S.K.: 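Quick one: the structure is below, and I'll ask about it shortly.
Every heavy atom of this structure was used, including side-chain atoms; hydrogens, water molecules and symmetry mates were not. Please read all numbers here as calculations on a predicted model, not as lab measurements.
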Amino acid sequence: MNFGFSYIALIFLIMLFVPNIIWAKNKPEDYDAYSKDENRILTIIERIGQVLIICSIFFADDIIFTPWILMLILAFIFMILYELYWIKYFRSPKTMKDMYSNFLGIPVAGATLPVLAFLFLGIYKMNFFLIFSVLVLAIGHIGIHLDYARRLK
């Protein structure tokens, strides 16, 4: 793990942010009613994880051909599935149920898929700072999404 800039991580961040920017104008109808009751501790943990992940793109080892290439391939597959999840959501009626639904059997896919993608990216890069950041994010982000999904039932 070296200090530098990771183009692969930048691509992942772009794949993460673009749908979220579009989502900001396409929120589910009742989202504000649900978000006002969001668990504050999980929100703080989620924000810390987000900042840590963004900071981790400055630790680069973008050597593509390593024995860990399978981890990079899995990471890209999870990010592609994440993009497909968003396409499904944007084509839906955009309800809370659509937002927090499973996708291809993956629970709360909007939170789970990017977490898995960044986790495998961290394993590929052998970047323990990124792996730690993802675990922090997972606690907050997936926790919040699971809570929303639970409240929808």
S.K.: Could you check whether any side-chain heavy atom of Y82 comes within less than 4.5 Å of a side-chain heavy atom of F103, counting everything from C-beta outward?
M.R.: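 They are not in contact (no side-chain heavy atoms under 4.5 Å apart), so the answer is no.
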
S.K.: Do F118 and L137 come within less than 4.5 Å of each other through their side chains, counting heavy atoms only?
M.R.: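 When only atoms from C-beta onward are counted, L137 and F118 do not touch, as no gap falls below 4.5 Å.
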
S.K.: Hey, does V134 have a side-chain heavy atom less than 4.5 Å from the side chain of F120?
M.R.: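 When only atoms from C-beta onward are counted, V134 and F120 do not touch, as no gap falls below 4.5 Å.
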
S.K.: Give, for atom CG of L135 and atom CG of L119, the distance between the pair rounded to the nearest 0.5 Å.
M.R.: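 The CG atom of L135 sits 6.5 Å away from the CG atom of L119.
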
S.K.: Do you see a donor-acceptor pair shorter than 3.5 Å between the side chains of K88 and S101?
M.R.: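 Distance-only check passes for K88 and S101.
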
S.K.: When rounded to the nearest 0.5 angstrom, what distance separates CD1 in I45 from CG in N39?
M.R.: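 I45 atom CD1 to N39 atom CG measures 8.0 Å (nearest 0.5 Å).
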
S.K.: Mind jotting down which residue pairs meet the ring pair (Phe, Tyr, Trp, His ring centres under 6.0 Å) criterion with at least one end in residues 34-54? Sequence neighbours excluded, please.
M.R.: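 Matches after skipping sequence neighbours: none remain.
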
S.K.: Can you confirm whether I44 sits close enough to I48 that some side-chain heavy atom of one is under 4.5 Å from a side-chain heavy atom of the other?
M.R.: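 They are in contact (side-chain heavy atoms under 4.5 Å apart), so the answer is yes.
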
S.K.: Can you tell me if E83 has over 12 outside heavy atoms packed within less than 6.0 Å of its CD?
M.R.: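 Yes - once you tally the heavy atoms of other residues, nucleotides and ligands closer than 6.0 Å, there are more than 12.
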
S.K.: Just verifying a value: how many Å separate I14 CD1 and M79 CE, rounded to the nearest 0.5 Å?
M.R.: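 One finds 10.5 Å between CD1 of I14 and CE of M79.
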
S.K.: CD1 of I80 to CD1 of I77: how many Å apart, nearest 0.5 Å?
M.R.: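 Going from the CD1 atom of I80 to the CD1 atom of I77 covers 7.0 Å.
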
S.K.: Report the residues that fulfil salt bridge (Lys or Arg N to Asp or Glu O under 4.0 Å) with R40, sequence neighbours left out, ordered by chain and then residue number.
M.R.: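 R40: no salt bridge (Lys or Arg N to Asp or Glu O under 4.0 Å) contacts found.
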
S.K.: Measuring from atom CE of M126 to atom CZ of F128, what distance do you get when rounded to the nearest 0.5 angstrom?
M.R.: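 So the gap between those two atoms works out to 5.0 Å.
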
S.K.: Tell me, with the steps shown, if D32 and K36 meet salt bridge (charged side-chain N to carboxylate O under 4.0 Å, His left out).
M.R.: CA-CA 6 Å; D32 291 332; K36 72 178 180 182; over 6 Å; no

